[in-house]
Amino acid sequence: MQRVETDREDWERALGAVAAGVVAPADGGRPRSLEPGLAPPPGAAFVPPFPLELLGDASFRRLHGVRYACLAGAMANGIASVELVEAMGRAGMLGFFGAAGLAVDAVERAVDRIQSRLGDKAPYGFNLIHSPQEPAVEEAVVDLYLRRGVRLVEASAFLNLTPAAVRYRVSGIHRDERGNVVVPNRVVAKASRVEVASRFLAPPPEKILRELVGRGAITAEQAALAATIPMAEDLTAEADSGGHTDNQPLVVLLPTFLALRDKLAAEHRYDRPLRVGAAGGISTPWAAAGALAMGAGYLVTGSVNQACVEAGTSDAARAMLAGARQADVAMAPAADMFEMGVKVQVLKRGTMFAMRAAKLYEYYRNYDRIESIPAADRAVLEKTIFRLPLSEVWEQTRAFFARRDPTQVARGEADPKVKMGLVFRWYLGQASRWANQGEPSRTVDYQVWCGPAMAAFNDWVRGSFLEAPENRRVADVALNVLYHAAVLSRARVAVMQGATLPEGVPRLAPLPRDEIEKRAANPYHG
């Protein structure tokens, strides 16, 4: 028994020193480190170094100035908060502020804070979400980013490219003194459909470029240069995730996008590399190791970050997320694309939001105006879901859009179907706000974006210091996932060469960040 425990400890220590090469003798002896430049003995299994800084694509790390090819995706309404972005940046990773759903002045305040705190010391980015119902808001956000020198955005939920997105990418494009095309503004695009991915990996559409030239937003020379670059150099394959999702399996989506990347890169002959990252389900070492093995250039975490202390949500929502199990998610109508029937993935356990939002969409689909809904049904809606007369909900909605986008008010007053959609969207928007603020009277209506990755993470960390939501810090979570993915990958390499690992090795138990950094930096000497 003592020999078994010694073997287990030897292997755990050897695999955990990810920066060192390890030899496992053919006779089953102890694993030991292999000095650089030396060849392993004949028949021995050799586990090469897996430094965390070398996981993923080197060009991704260089372009974005990060130590690790890992980023925290944008979660709307500031859930991906200033604090979250700052924590990721200071830990050598990248975070995107969740600008979607916020007023432009609130986004500008976030720009002020992040630029003053991080400046040139660490990387950061902001979300640019497709807003088909509010194109003026999308344009205003791009105006803000260009005015304030925000050089990196995560483009999400796009169904098609828009003039605003193209204008952001192309603004400032020029040739340097050597004749190289310089593109100041970078885009990391998230997509879950091939047709959307194709648009981001292609040059900006000629039709939109002509439109931008016509209105003086870019010059003809800039439009010509834009035809030589991809709309995005980084494309995230977004599999089954929280929020906007098509529920795609990563093992299908990622290889498809990698093949598409290779095809379009050869077709357009770009002078810069294209990368494909992985999102959706990236919450455990097993998922991260699988994505990297398939060729992901970088990893994107999402749902798990919402349960971290830096997230701009409530303690109540964090506790709900920390208790999520595999069957505790559901699809529900999206607030920003409600009328189009687009859905988001949300937490089901502890809330009736998904069921109630689906009921509202059923009414929207079946009736042409609020007044057409049977009186008894309207009374139930006012009592149980809105807790207000629908006439008062409209007045609040009207006042909101009068500040945010007055064209919505005009459309609602001219078309009763549009008005009904806006009134129903009031509930969907408020449900997210109630969750973020922890409104105790509305717990049953919390809208909490969540994918199955949250449950997988909870299962992994159960019994460890990361089980309690108050101990979950976004950089600790990301580094644990990355480090243990490297350990797991090394174990698989050893097994594939005939090594026999003791039962239960590797354990992959979450560790404090300082312990990970120590193990990742120090060579193993067995």
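By the 4.0 Å N-to-carboxylate-O rule, D143 lies close enough to R167 to be salt-bridged with it. The residues E83 and R113 are annotated as salt-bridged, a charged nitrogen and a carboxylate oxygen being separated by less than 4.0 angstrom. Taking 4.0 Å as the cut-off between side-chain N and carboxylate O, E339 and R425 count as a salt-bridged pair. With salt bridges taken as basic N to acidic carboxylate O contacts below 4.0 Å, one links E267 and K263.
Here NZ of K190 is found 11.5 Å from CZ of F200. Values are rounded to the nearest 0.5 Å. We find the CZ-OG distance between F257 and S198 to be 8.0 Å, quoted to the nearest 0.5 Å. We find the CD-CG distance between E515 and L479 to be 11.5 Å, quoted to the nearest 0.5 Å. Separation of atoms NZ (K121) and CG (L118) is listed at 6.5 Å; rounding is to 0.5 Å. In this structure, L161 CG and I208 CD1 are separated by 5.5 Å, a value rounded to the nearest 0.5 Å. Here the CG atom belonging to D445 is positioned 10.5 Å from the CD atom belonging to E439, to the nearest 0.5 angstrom.
Side-chain atoms of R349 come within 3.5 Å of backbone N or O of G323 as a donor-acceptor pair. In terms of modelled atom types and a separation under 3.5 Å, the side chain of R403 and the main chain of A103 share no donor-acceptor contact. Checked by atom type and distance alone, the side chain of N305 never pairs as donor or acceptor with a backbone atom of V474 at under 3.5 Å. Using modelled atom types, no side-chain atom of N436 and backbone atom of S314 make a donor-acceptor pair closer than 3.5 Å. Although no hydrogens or angles enter the test, the distance criterion places no donor-acceptor pair under 3.5 Å between the side chain of N77 and the main chain of I79. R318 places a side-chain N or O within donor-acceptor distance of the main-chain N or O of T313, the cut-off being under 3.5 Å. Listed for the T443 side chain is a donor-acceptor partner under 3.5 Å among the backbone atoms of P440. Distance alone, capped at 3.5 Å, places no donor-acceptor pair between the S241 side chain and the G280 backbone. The backbone N or O of A332 sits nowhere less than 3.5 Å from a side-chain atom of Q447 that would complete a donor-acceptor pair. In this structure a side-chain-to-backbone donor-acceptor pair under 3.5 Å is present from S303 to G451.
Between the side chains of N127 and S156, at least one donor-acceptor pair of N or O atoms lies under 3.5 Å. At a cut-off of 3.5 Å, with distance as the only test, a side-chain donor of D240 or Q345 sits close to an acceptor on the other residue. Inspection of the N160 and H130 side chains reveals no N or O donor paired with an N or O acceptor under 3.5 Å.
In this structure, V493 and P48 have side chains that are in contact, with non-hydrogen atoms separated by less than 4.5 Å. R473 places none of its side-chain heavy atoms less than 4.5 Å from the side chain of C308. No side-chain heavy atom of P333 sits under 4.5 Å from any side-chain heavy atom of L360. Residues E154 and L128 fail the side-chain proximity criterion, which asks for heavy atoms closer than 4.5 Å. Looking only at side-chain heavy atoms (C-beta outward), L347 and D328 come within less than 4.5 Å of each other. Contact of the E138 side chain with the P132 side chain is not registered, since no non-hydrogen atoms from C-beta on lie closer than 4.5 Å. Two residues are said to be in side-chain contact when any heavy atoms from C-beta on lie closer than 4.5 Å; R519 and Y483 meet this criterion. Using a 4.5 Å heavy-atom threshold, the side chains of P512 and D476 count as separate.
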- Apply the test side chain to side chain contact (heavy atoms under 4.5 Å, CB included) to residues S489 and L292: give CA-CA distance (whole Å), side-chain angles for both, the deciding distance (0.1 Å), then the verdict. CA-CA 9 Å; S489 298; L292 291 168; 5.8 Å; no
- Message: Could you go through M88 and E310, starting from their C-alpha distance and side-chain angles, then the distance that decides it, and tell me whether this counts as side chain to side chain contact (heavy atoms under 4.5 Å, CB included)?
- Response: CA-CA 10 Å; M88 288 293 284; E310 297 93 344; over 6 Å; no
- Task: Output, in order, the C-alpha distance, side-chain angles, deciding distance and verdict of side chain to side chain donor-acceptor pair (under 3.5 Å) for T236 and Y298.
- Result: CA-CA 8 Å; T236 303; Y298 56 93; 2.7 Å; yes
- Show the numbers, then the answer: is there a side chain to side chain contact (heavy atoms under 4.5 Å, CB included) between F400 and W426? CA-CA 10 Å; F400 171 81; W426 176 94; over 6 Å; no
- Show your reasoning for whether salt bridge (Lys or Arg N to Asp or Glu O under 4.0 Å) applies to E195 and R199. CA-CA 7 Å; E195 63 271 22; R199 294 175 186 126; 5.9 Å; no
- Task: Determine, step by step, whether E467 and R472 satisfy the salt bridge (Lys or Arg N to Asp or Glu O under 4.0 Å) criterion, reporting the C-alpha distance in whole Å, the side-chain angles of both residues, the deciding distance to 0.1 Å, and the verdict.
- Result: CA-CA 8 Å; E467 180 175 7; R472 298 182 182 186; over 6 Å; no
- Verify salt bridge (Lys or Arg N to Asp or Glu O under 4.0 Å) between E108 and R147, making sure each step is shown before the conclusion. CA-CA 10 Å; E108 183 159 22; R147 184 174 72 252; 3.3 Å; yes
- Message: For S192 and T245: C-alpha separation, side-chain torsions, deciding distance, then whether side chain to side chain contact (heavy atoms under 4.5 Å, CB included) applies.
- Response: CA-CA 7 Å; S192 54; T245 180; 5.9 Å; no
- Message: Does R186 form a salt bridge (Lys or Arg N to Asp or Glu O under 4.0 Å) with D234? I'd like the steps, not just the answer.
- Response: CA-CA 9 Å; R186 291 165 282 138; D234 296 298; over 6 Å; no
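With respect to F96, the side chain to side chain contact (heavy atoms under 4.5 Å, CB included) criterion is satisfied by exactly one of L71, V85, V153: L71.
Heavy atoms of other residues, nucleotides or ligands lying less than 6.0 angstrom from CZ of R462 number more than 12. More than 12 heavy atoms of other residues, nucleotides or ligands shown are found within 6.0 angstrom of CG on D271. Surrounding CZ of R151 are more than 12 heavy atoms belonging to other residues, nucleotides or ligands, all under 6.0 Å away. In the displayed structure, R507 atom CZ is contacted under 6.0 Å by at most 12 heavy atoms of other residues, nucleotides or ligands. At most 12 non-hydrogen atoms from other residues, nucleotides or ligands lie less than 6.0 angstrom from CD of E206.
Of all the heavy atoms in A278 and A291, the pair that sits closest is CB-CB, 3.7 Å. Contact detail for A136 and D405: the closest heavy-atom pair is CB-OD1, 4.2 Å. Looking at every heavy atom in both residues, G429 comes nearest to A335 through N-CB, 4.2 Å. Nearest heavy-atom pair across R356 and V444 is NH1-CG1, 3.8 Å. Listed here is the closest heavy atom pair of T228 and Y270: O-CD2, 3.4 Å. Of all the heavy atoms in G78 and F97, the pair that sits closest is CA-CZ, 4.2 Å.
Relative orientation of the Y145 and F126 rings is tilted, given thresholds of 30° and 60° on the angle between their planes. The aromatic rings of H484 and W460 stand perpendicular to each other, their planes meeting at an angle above 60°, with 30° marking the opposite boundary. Under the 30°/60° scheme for interplanar angles, the aromatic rings of F353 and Y427 are found to lie parallel.
Ring centers of Y364 and F424: at least 6.0 Å apart, outside the cut-off.
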